[in-house]
Amino acid sequence: MSAKVVKKLQSVLGDAILETSSFRGDEEVRVALKDWVRVAQVLRDDPELAMNHWTDLTAVDWPEREVEGQPRFDVLFSVRSFEKKHRIRVKTYVKDGEDVPTLTTVWAGANWAEREVFDMFGIRFAGHRDLRRILMYDEFVGYPLRKDYPIDRVQPLVEYRDADDTLKLPPFGIEEGQPFARVDWEERLAGRDEQVSPSIAVQTGQRRALSDSEIAEAQFAKKPEESAAE
Amino acid sequence: MGEVKTIVGGSSGESFFTTKFESLLAWARKYSLFQYPFATACCGMEFFAVASPRYDIARFGAEAPRFSPRQSDVLWVVGTISQRQGPALKRIYEQMAEPKWVVSFGTCASCGGFYDNYTTIPGVDKIIPVDVYIPGCPPRPEAVLDGLMLLMEKIQKGNREPVTVLPKVVPELAQLRGKRALPIAGGGSKEGA
Amino acid sequence: MEPADEILEDDDEALEIPADPMRLNMGPSHPAMHGTIRMVLDLDGETVMNVDVQPGYLHRGFEKSCERGTWAQVFPYVDRLNYVSPMLNNVGFALAVEKLLDVKVPDRCQYYRVILGELARICDHFTCNGASAMELGAFTPFLWLLKVRDWVWDILEKESGARMTHSFARIGGMAAPPTEGFKDDVRAIMPEIRKVVGEAESLLLKNRIFLDRMEGVGKLSKERALALGVTGPVLRSTGVAYDVRKDHPYLVYDRFDFDVPVGTDGDNWDRFMVRTEEIRQSLRIIEQALDQMPDEGPVSIDDPRIMLPEKREVYSTIEATIAHFKLVMEGLKPPKGAVYSFTEAGNGELGFYLVSDGSGTPYRLRVRPPCWFNLQAAREMIMGDMIADIIPTFGSVNMIGGECDR
C-alpha cells in the first residue's frame, strides 16, 4: 500500500475520489459507483500506477445501514502493481438490488471473485458474461453471507434418511437462528438488542430455548420410561 | 483360518456346510478389502498417511484403492461432505455392488463437525448407512487402523450394526496425567461408549 | 500407419469423422480432481476445446462460521483452509489480527513462526510434487516424498500436540514456547530432507514418461497470470519473481538470505521444479533461522488484554481468573476498522481482510485464497491441450479444496 497511489489518483481523477483513509498502513479510497470502472482503468493504464496484478474483490454487508437509508453493501477490490510493488483498495457503496459494473473487462481475474460475491451476497455485476452461482448450487435460495441469512438454514439436495439408528440428536431443529453465535442477527435487525447471544436471549425470555436443547431435554425426559420398560 | 461355527442344522435351517462356507467367505472378504476413497477434505491427508509406509494399510490387505465404485467393497468417506456433494456420494454408494461397507472417516463425515452451517451435511449417515465411525479431526492413523480392524471384525461376524472407534487409554500416558487407567475398550456400539 | 496415410492421400473424405464436440463430465468424484472439482469439458477428439471448471464442492461456510465466535476461535477454522500446511495459515491469521491490533510479537516468536511455517511449506511442496507424480503413475516417488512429511509432522506434533491441524498460533504469540530439543530435532532431519529431495529428483527428472507429460504442457503466460491474480509457485513458474517474503517482508524474512526460484515457460515442468527448488530455499531459511533464534525470552507479548494469563496464575489469583474469563467469554476487542494482511502460504498470497466493528466478534472475515485464483487460471492452461494433460496440469496447480472453496 502506498500513499503515493492515493495522491496520484486524486490528481488524475479529482472529485471522483470521495474519501480516502489510511488504517494500519492500508490505503483505501472510496469512489462513487458510476466511477467504478473508470477508476479501475486509470489504476491499470496509468504508467505511474501500473496496477497489473489482480488481488481480490469482496463485499461487506451492513444491514443496519439500510435501515438508516444508506446503501447496504460495501464492495471493494484491491490490486497491486508487480513492478512498483504498491497496492490500493477501492471501495464503493452499493444499494441492495443495484448493479455494479463488472471489472472483468479490466482484469480477467475479477471473473470468479465477482461470481462469488454474486453467489454469497446477491450483488449483480452488470456486463459480467457468466454470472452464475459458483460455490453454492443452483437450487440454493438466498445469499448465505448476508447477515440476515441464518447460518443453519440448510437446503438439502438429497433427502435425509431416517437416521434414528445412529442415536444422534438432529443437529438442525425446527427453529432457525444462529446457535452458539455471539451475535443474534435476527434480534439485532429487529432492533431489540445491540449484541445478544442466543443463550442470553433465552434467559431473558426474548426467544425460546434452542431447538437442540429442547430435543435433548425431550429425549432425556423419555429415557427413564424406556429404561423402566426394559 | 477364522473361527468356524459348529451349528449343525440350526433352527434357521442352515446346514453345517453353508455356515462353514459363509465363515470362510467372510474370512476371505475381510482380508481383501478393495476400497473406494471418497476423499474430499483435510482427512484425505491422514488417509495418505495411513496408506504410506509408516502405517501401511497393506498389512491388513486393504491397500488397493479402486476408483470405480463397481470394483470396491469399502467406501471410505474421508472429509466434509457438502450439500452440493451429497448427490454424488449417494450415487457412488448406490453404484457399489453388494456386499458393501461404509466407513466414515473423521468427525465431519460422522456428524458434520464444527461446520454446522448452511452448507454441510451433518454426517453422511443422513444420506447413506454407515458401518464404522472413526472420530477425530482428523483421526490419527492408529485410530483409522482401529476402525479398519473393527470393520473386519464386523465382516467376520456378519454384523451390520454401526460401531464407533472408541478412545483408547494408554496406561503409561494415563499415569502421567495422574488418572486411573481404564480398561482398553476394543470398540462397540454407540451407546456402549 | 502407412496404409492409412495412403488412404488419406487417395481420398480426403474417406476418413472424415463427424467433428461435433463431445461433452464430458469430469469429477467431482474423480481421483485426480482431489474430490472437489468438477470440470465440464468440450472435446474435439482428445483435444480440449472448452472447459468449465466448477469449484464449490467443498464449500464449508468458513467466512460465515467465523462471524459467530471470538477472534481466537477462528484458528481451528483457519487450520482447515489449507490443510497441507496449516501452520502457515495459523501464522497468517495471527499476523492479520496483530496488524489490526497494531502489536508486534517478540523476536523469539517471530523466528519460531518462521521455522514452523517453513517446515509446513516443505510439507506442502512435497505433498504437491508427490501427488503430481502419483497421478502420472509414479507411485514410488509419492511414498518416498510422503515419508518426509511424517518426519516433519513428528516435529510439529511434538511442538503443538497435533499431527496436522495444530491451532498452535495465538493472537500475540504462540500457544507454547519451543520444546527443549526443538532446534536439535529440526537440525537432525534437515540433511535427511535434502537427501530425499535429491533422490526424488533422480527418480523423476530423467523419466521419459514424466518429462513428456510435464514439459510444455499447461502453459500460462506472464501477463495472463498477473491479470488473473495468480500467485505463489504457479506465478513464479511463469517468470514473475513475486514472493511476499521478499517483496513485502513480514516476520523476520528480511534477515535471511534466500533466493526466489522462477521458471521460464509457466508449464507443468516449471511448476514442479519451482516447488522442488523452494524446498531447498526453505531449508536454507530454516538453517539461518535456527542459528539466529534466541534460546531465551518470551514467545508471547506481555499484554493482559490480548494474551491469556498463565494457567498457574489463573488458578491462584483472582485478577488472572477474571482476565481469563473476560478474554474467553468476551474475546479480545480490536479497534474499529478494516485491514488486509497477506503472507506467503504454500500456494501463494494468502490474504485476510478483516473488518472489526469494535466488538469481540469478527464482523466480516474474508480470506483471499491463493488457490481460488490459481484455479481460475487453470482453464487457460488446460484449453487446447489433450484430455490426458488435464491430470498433470491440475495436479501442479495444487488445488487444495478447503482453501479454494472455503
Side-chain angles (χ1 to χ4, degrees), chain B residues 36-56 58 63-69 75-93 95 106-108 112-121 136-143, chain C residues 27-38 54-69 73 76-77 79-86 123-124 127 130-131 134 139 142-151 153-154 157 162-165 167 400-403 405-406:
Chain B
Y36 185 102
F38 195 88
T40 58
C42 337
C43 291
M45 293 299 119
E46 281 293 27
F47 192 78
F48 280 170
V50 180
S52 67
R54 184 184 281 191
Y55 295 98
D56 197 11
E63 82 275 27
R66 284 287 176 275
F67 285 100
S68 162
L75 175 65
W76 291 82
V77 185
V78 185
T80 321
I81 303 297
S82 65
Q83 298 289 353
R84 194 173 172 183
Q85 187 87 286
L89 176 65
K90 189 159 193 229
R91 201 149 161 200
I92 296 238
Y93 176 75
Q95 284 174 346
T107 306
C108 283
F114 68 174
Y115 292 105
D116 48 347
N117 55 29
Y118 59 94
T119 173
T120 46
I121 291 178
C137 191
R140 291 187 64 90
E142 290 91 340
Chain C
S29 176
H30 183 281
M33 293 289 117
H34 300 200
T36 54
I37 298 291
R38 179 176 172 216
Q54 297 182 359
Y57 283 88
L58 191 60
H59 179 55
R60 305 192 273 192
F62 166 79
E63 288 168 14
K64 187 90 172 171
S65 299
C66 292
E67 284 171 16
R68 62 175 181 181
Q73 281 173 339
Y77 287 107
D79 269 340
R80 288 151 184 84
L81 280 179
N82 185 341
Y83 36 75
V84 197
S85 50
C123 276
D124 192 297
T127 312
M134 178 185 70
F139 203 72
F142 172 69
L143 296 175
W144 212 254
L145 294 176
L146 237 62
K147 185 174 71 174
V148 176
R149 211 178 60 172
D150 263 323
W151 298 339
W153 278 4
D154 281 348
E157 187 185 358
R163 276 165 64 81
M164 216 182 97
T165 43
S167 300
I400 304 294
E403 182 180 88
D405 300 347
R406 281 148 292 140

Check: What pairs with B:R66 under salt bridge (Lys or Arg N to Asp or Glu O under 4.0 Å), at least two apart in sequence or on another chain?
Finding: none
Check: If you look at every heavy atom in B:T80 and C:L58, which pair is closest and at what distance?
Finding: O-CD1, 3.6 Å
Check: Can you name the residues that form a salt bridge (Lys or Arg N to Asp or Glu O under 4.0 Å) with C:D154, not counting sequence neighbours?
Finding: B:R54
Notebook entry, point to check: Going from OG1 on C:T36 to CD1 on B:I81, what distance comes out if it is rounded to the nearest 0.5 angstrom?
Noted result: 10.5 Å
Next item on the list: Kindly say whether B:C137 contributes a backbone atom to a donor-acceptor pair with the side chain of C:R80 at under 3.5 angstrom?
Entry: yes
Notebook entry, point to check: Looking at side-chain heavy atoms only, is the closest gap between B:R84 and C:Q54 below 4.5 Å?
Noted result: yes
Notebook entry, point to check: Is it the backbone or the side chain of C:F142 that comes under 4.5 Å from a heavy atom of chain B, or both, or neither?
Noted result: side chain
Next item on the list: Determine whether C:Y83 and B:P138 make a side-chain contact, defined as any pair of heavy atoms from C-beta on separated by less than 4.5 Å.
Entry: no
Note to self: The test is side chain to side chain contact (heavy atoms under 4.5 Å, CB included); show your working for C:S65 and B:F114 and say whether it passes.
What the structure shows: CA-CA 9 Å; C:S65 299; B:F114 68 174; over 6 Å; no
Margin query: Counting heavy-atom pairs under 4.5 Å with chain B, which one of C:P28, C:G56, C:G401 comes out on top?
Written below: C:G56
Notebook entry, point to check: Is atom CH2 of C:W144 surrounded by more than 12 heavy atoms (other residues, nucleotides or ligands) closer than 6.0 Å?
Noted result: no
Next item on the list: Would you please name every residue forming a ring-ring contact (aromatic ring centres under 6.0 Å, His included) with B:Y55, sequence neighbours left out?
Entry: none
Check: Which one, C:R163, C:K147, C:M164, leads in non-hydrogen pairs under 4.5 Å with chain B?
Finding: C:R163
Next item on the list: Name the region of C:P86, side chain, backbone, both or neither, that has any atom closer than 4.5 Å to a heavy atom of chain B.
Entry: neither
Next item on the list: May I ask you to check whether B:Y115 and C:H59 place their ring centres under 6.0 Å from each other?
Entry: no
Item checked: Among B:P141, B:A88, B:G86, B:C42, residue most engaged with chain C (heavy-atom pairs, under 4.5 Å) -> B:C42
Check: With chain C, which of B:C108, B:S82, B:G79 has the greatest number of heavy-atom pairs at distances under 4.5 Å?
Finding: B:S82
Checklist line | Separation between OG1 of B:T119 and CZ of C:R406, rounded to the nearest 0.5 Å | finding: 11.5 Å
Next item on the list: Using non-hydrogen atoms and a 4.5 Å limit, figure out which bit of C:R149 sits close to chain B: side chain, backbone, both or neither.
Entry: side chain
Next item on the list: Sort by residue number and list every member of residues 43-52 of chain B having a non-hydrogen atom under 4.5 Å from chain C.
Entry: B:M45, B:E46, B:F48, B:A49, B:A51, B:S52
Margin query: Is C:E157 close to chain B through its backbone or its side chain, or both, or neither, when contacts mean heavy atoms under 4.5 Å?
Written below: side chain
Notebook entry, point to check: Any idea which of C:G402, C:S29, C:A131 has the most non-hydrogen atom pairs under 4.5 angstrom with chain B?
Noted result: C:S29
